[in-house]
Amino acid sequence: MLKFNDKVVIVTGAGGGLGKAYALAFAERGAKVVVNDLGGGMTSEGGKSSRAADLVVEEIRAKNGIAVANYDSVEEGEKIVQTALDNFGRIDILINNAGILRDKSFTRTSDIDWDLIHRVHLRGSFLITRAAWPHMQKNKFGRIIMTSSGAGIYGNFGQANYSAAKLGLVGLSNTLAIEGKKYNIKCNSIAPVARSRLTQTVMPEDILDVLKPEYVSPLVLYLCHEDTEETGSLFEVGGGWVGKVRWQKSSGAIVKKGDSMTPEDVKSKWTEITSFTNPIYHASIGEATNHCISSSSGDSPSSSDSSDSLESKFKYDYKDVILYALSLNYSTKDTNGLKFLYEGHSEFCTLPMYGVIPAFSILYNTVSSLKLPDNLQINPAKILHGEHYLEVFQPFKTTDTLTLKASLVDVLDKGSGAVLVINIEFFNERQERVALNQFVTFAVGSGGFGGKRDSDKMVKVSTKKVDRKPDKSISERTVVDQAALYRLNGDFNPLHIDPNFSAVLGFDRPILHGLCTFGFAVKHVLSAYCDNDVSLFKSVKVRFAKPVLPGQTIQTNMWLEKDERRVYFECRVVENDTQVISGAYVELHNIKSGASTTTASEPAKVAPSGKEMAADKIFQEIGLKMQEKPDLAKSINAVYAFQISKDDTTKIFGKIYYMLDFLFETVKIQNFVFQ
Ligand SMILES: CCCCCCC[C@@H](O)CC(=O)SCCNC(=O)CCNC(=O)[C@H](O)C(C)(C)COP(=O)(O)OP(=O)(O)OC[C@H]1O[C@@H](n2cnc3c(N)ncnc32)[C@H](O)[C@@H]1OP(=O)(O)O
């Protein structure tokens, strides 16, 4: 039996109808009740009388219950709360029930009709709740009910004032539920259908008979019990039936085309915008906002929505490539860092792991427009990156326009979650395949829809057990703002920056992007086994076993299997010795024999090679032999050496221009140097 012993309850408007039923039910189950009723009529014009509240108090006391009466208006909420404190020393539960009606058709609604309804329903509930709130905060316990109405949810002729105030109460309740969370204050709204002073004039007697207040009070008591976790919800209740109400939206459509969006674009997508075939349910403003942002983050897909394959273009240039390297802590301090950070470096190149970044311009669109099994509901705020596979078929250029093709490969039911397997392939302008990404996304809490558990279309994580200490190990500390920086590459998922959002998944604070940890891991493999030669990289597969927090240290333990040209690896967070990447490997085209073999705590440093090669590269590009212009070769190398050691770009560029103009008079060389 749900008991309320020693709990102090205020019920407003408790002189009759629903309020009375609540007061009697709470008292019967051990609560101390403040029975508030102004004693006015249903339009507030009946004048004040203590009779209604007193009668209810008498009835409670006659059954050995504990109750006191209060006759203040809810607009004097503090006085009502004071009655509870004076008589019982605390306040635990507040039922905002009091209300009046001033029904008029809209054009006949006067300022007074509008204001009075808002003052009693919305402002009254606000004032009394505000008075009770600090006491509930102090007690780390509070249960609040707001009384909304079907008129607020659906609208009702002649009730413009009332319906606006009643839906306002739902908004108030939703926000209080959020603000009350850390104080164990739960706030819910109900939209009751019951016989009361407000309904007896508008409903026929035979219907009113089945709408007993006693069919509503059990829900209110349940929602106010200390064991109840429900908060921020809205319930319709009446005639013995109870149902939860939530917002539903259509999966909608991406309307913009590139950067433009016109009313005609909206018209052309109206069927999809208004179709509820694949509804979406968002439970927080974070989820809803993120849905808009993520849906619009990619270029407009060229195939229609709700299909299982999409296509779009992605342009990037040297700045994107450099930002990516910076977000993985590549540094100008490291000899090898410069070739990933400076577009003027003779070996300037794109890291192979950058290949995951273009995919984000289409990934969120793909997920939001997928045709999913009917009984599978996915909450976009609860999607974690489960596994990733990246294969690079030709090294990425430093500036390019790629065509991306995304498709849903499989949907799996893993019990604790649903797994979506999404392939995103990149093609260059010659329609050659440049890379393949396979995202395995884990939708937490969406399992159990009856799907298959395994897929033969997935690149599998490694199950190989290597029975020796790591051949190499590199540890690198991330910075507290690692995710804040990394997201600028294009994955703007608020999970990595917004504490309200990460809380949806139960994280105390935002977690690092899985692909950021992945980037660090591949960085370590490239450093340990490739001498940072990006052309040796072929593919990588990882499973994200546990989340990483920005600021933690990632340790990559590596085992080389030379015959397989594979480096198996795991990542651990050093601070809590937890494995965060498992079943992982990098496949290489070749192993760089000169690569460092020491166990390092910093990324291995590799001897500089770029600057000596500068002239060689330029000469090759323009089809000239070094022997033909030995002095020029010497000068170019000198300039590059100078450039790197002194970092004086103005002088360098002056020299390069001078030389190129003077000796070659060709645009071709300038293009090459400044490309
Ligand atoms: C619009 C959306 C697009 C979004 C794309 C991504 C965008 C990014 O911004 C998001 C991120 O970067 S999130 C950060 C990186 N990821 C993480 O931190 C997840 C860490 N992993 C976990 O927490 C758990 O493994 C967890 C929670 C994933 C699973 O743990 P459990 O529920 O405890 O599962 P468990 O009981 O261990 O296993 C059940 C079955 O699931 C398989 N499985 C487990 N971990 C998996 C994983 N990481 N990926 C894929 N499958 C996984 C198990 O193998 C098991 O299945 P089976 O029995 O068939 O083997």
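What you see is a predicted model; the values in this text were computed from it and never measured. These values consider heavy atoms only, across backbone and side chains, with no hydrogens, waters or symmetry-generated copies. Counting starts at 1 for both ligands and their atoms, in listed order.
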> For ligand 1, which atoms sit closer than 4.0 Å to a heavy atom of T441?
Replying inline: 5 (C)
>> Ignoring hydrogens and geometry beyond distance, is a side-chain donor-acceptor pair present between T262 and D265 at under 3.5 Å?
In response: yes
Atom pairs and distances, donor-acceptor, side-chain atoms in residues 537-549, under 3.5 Å, two or more places apart:
residue: S539; atom: OG; partner: E587; partner atom: OE1; Å: 3.0
residue: K541; atom: NZ; partner: E387; partner atom: OE1; Å: 2.8
residue: K541; atom: NZ; partner: V459; partner atom: O; Å: 2.8
residue: R543; atom: NE; partner: E387; partner atom: OE2; Å: 2.9
residue: R543; atom: NH2; partner: E387; partner atom: OE2; Å: 2.8

> A545 near ligand 1, heavy-atom distance under 4.0 Å?
Replying inline: yes
>> Please enumerate all residues that pass ring pair (Phe, Tyr, Trp, His ring centres under 6.0 Å) together with Y316, with sequence neighbours excluded.
In response: Y354
> Quick one: does V548 get a heavy atom under 4.0 Å from ligand 1?
Replying inline: no
>> If only side-chain N and O atoms count, and only distance matters, is there a donor-acceptor pair under 3.5 Å linking N437 with E391?
In response: no
>> Checking the N or O distance criterion of under 3.5 Å, is ligand 1 in contact with N493?
In response: yes
> What atoms of ligand 1 come within less than 4.0 Å of a heavy atom belonging to D491?
Replying inline: 7 (C), 8 (C), 9 (O)
> Do the side-chain N and O atoms of S455 and D410 include a donor-acceptor pair separated by under 3.5 angstrom?
Replying inline: yes
>> For the 3.5 Å polar cut-off, considering only N or O atoms, please tell me whether V440 and ligand 1 meet it.
In response: no
>> For the residue pair R487 and F492, would you count it as a cation-pi contact if the rule is NZ or CZ under 6.0 angstrom from the ring centre and within 45 degrees of the ring axis?
In response: no
> Taking atom types as modelled, is there a side-chain donor on Q438 or H388 under 3.5 Å from an acceptor on the other?
Replying inline: no
>> Taking 4.0 angstrom as the limit and counting only heavy atoms of L512, give me the atoms of ligand 1 inside it, by number and element.
In response: 14 (C)
> Backbone, side chain, both or neither: what part of H496 comes under 4.0 angstrom of ligand 1, heavy atoms only?
Replying inline: side chain
>> Testing the 3.5 Å rule here: is there a donor-acceptor pair between the side chains of T478 and Q552?
In response: no
> Between L363 and ligand 1, which part of the residue brings a heavy atom under 4.0 Å of the ligand: side chain, backbone, both or neither?
Replying inline: side chain
>> Give the atom numbers and elements of ligand 1 that come within less than 4.0 Å of a heavy atom of P547.
In response: 18 (O), 20 (C)
> Just going by heavy-atom distances, which of R543, K414, R453, H513 is nearest to atom 44 (C) of ligand 1?
Replying inline: R543
>> Please compare F442, F518, F492, F507 and report which has the shortest non-hydrogen distance to atom 41 (O) of ligand 1.
In response: F442
> Do F520 and Y486 have ring centroids that are under 6.0 Å from one another?
Replying inline: no
> Just which atoms of ligand 1 are under 4.0 Å from any heavy atom in I511?
Replying inline: 14 (C)
>> Side chains of K315 and T401: any donor to acceptor distance under 3.5 Å?
In response: no
>> For ligand 1, which is the ligand I care about here, please tell me if P380 has any N or O atom under 3.5 Å from one of the ligand's N or O atoms.
In response: no
>> Please compare Y486, Y364, F544, F439 and report which has the shortest non-hydrogen distance to atom 7 (C) of ligand 1.
In response: Y364
>> Could you tell me, atom by atom, which parts of ligand 1 come under 4.0 Å of a heavy atom of G386?
In response: 47 (C), 48 (N), 49 (N)
